[in-house]
Amino acid sequence: MDYKRLGKRIREERLKLNLTQAQLAEAIDISDTYMGAIERGERSLTLDTLVRLVNRLGVTVDYLLSDSVSDSDSNIIEQFRQIVDCQPKERKQMAINVLRTIFSYFETDNE
């Protein structure tokens, strides 16, 4: 796990929301010192803290951890499944159609 990259990503998202470290720390119920150490990559964080953090920042866990998660085929397919699972059947079919269109474009582009 690359805590420096994780901390950098957290800091970037915090700044997009115009929050100080103290404001974010208070919102997720941790100390300012701990928040600073997380952003500098000096400290790890618990799963509970990570969940409160992503909820407050409005991002996903996989986004914050994208530097640490492998991009194997099975992982990529699992990410597709997670995105699609909560959608109604009509939207799932639309997503399949969009993917087919995109992939057919790539196939004609390679010819």
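Here, residue 1 is the first one in the sequence, and each next residue gets the next number. What you see below is based on every heavy atom in this structure, not just the backbone, and it leaves out hydrogens, waters and symmetry mates.
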**Asked** What pairs with Asn18 under side-chain hydrogen bond (donor to acceptor under 3.5 Å, both in side chains), at least two apart in sequence or on another chain?
**Response** none
**Request:** Quick one: list whatever passes salt bridge (Lys or Arg N to Asp or Glu O under 4.0 Å) with Arg9, sequence neighbours left out.
**Result:** Asp67
**Message:** Count I, L, V, M, F, W, Y as connected when their side-chain heavy atoms are under 4.5 Å apart, and connections chain through other members. Are Leu53 and Met1 then in the same cluster?
**Reply:** yes
Under 3.5 Å, side-chain donor or acceptor atoms of residues 24-32 against the rest of the protein: list the pairs with distances, not counting sequence neighbours.
unit_1: Ser31; atom_1: OG; unit_2: Tyr34; atom_2: N; d: 3.0

**Item:** Check: Leu6 and Leu64 side chains under 4.5 Å, non-hydrogen atoms
**Value:** yes
**Message:** Counting C-beta onward and ignoring hydrogens, is there a side-chain heavy-atom pair between Asn97 and Gln93 closer than 4.5 Å?
**Reply:** yes
**Request:** Under the side-chain hydrogen bond (donor to acceptor under 3.5 Å, both in side chains) rule, collect the residues that match up with Glu12, sequence neighbours excluded.
**Result:** none
**Request:** Apply salt bridge (Lys or Arg N to Asp or Glu O under 4.0 Å) to Arg81 and list each qualifying residue two or more places apart in sequence or on a separate chain.
**Result:** Glu78, Asp85
**Asked** Can you check side-chain contact (heavy atoms from CB on, under 4.5 Å) on Leu57 and Lys16, steps first, answer last?
**Response** CA-CA 9 Å; Leu57 294 175; Lys16 286 179 188 176; over 6 Å; no
**Prompt:** Within a reach of under 6.0 Å around CZ of Phe80, are more than 12 heavy atoms found that belong to other residues, nucleotides or ligands?
**Reply:** no
Result block: side-chain N/O donor-acceptor pairs under 3.5 angstrom for residues 40-51, not counting sequence neighbours:
unit_1: Arg40; atom_1: NE; unit_2: Glu42; atom_2: OE1; d: 3.2
unit_1: Arg40; atom_1: NE; unit_2: Glu42; atom_2: OE2; d: 3.1
unit_1: Arg40; atom_1: NH1; unit_2: Gly36; atom_2: O; d: 3.2
unit_1: Arg40; atom_1: NH2; unit_2: Glu42; atom_2: OE1; d: 3.2
unit_1: Thr46; atom_1: OG1; unit_2: Thr49; atom_2: N; d: 3.1
unit_1: Thr46; atom_1: OG1; unit_2: Thr49; atom_2: OG1; d: 2.9
unit_1: Thr49; atom_1: OG1; unit_2: Arg52; atom_2: NH2; d: 3.4

**side-chain contact (heavy atoms from CB on, under 4.5 Å) partner of Met35, the single match among Arg14, Gln23, Arg11, Gln21** = Gln21
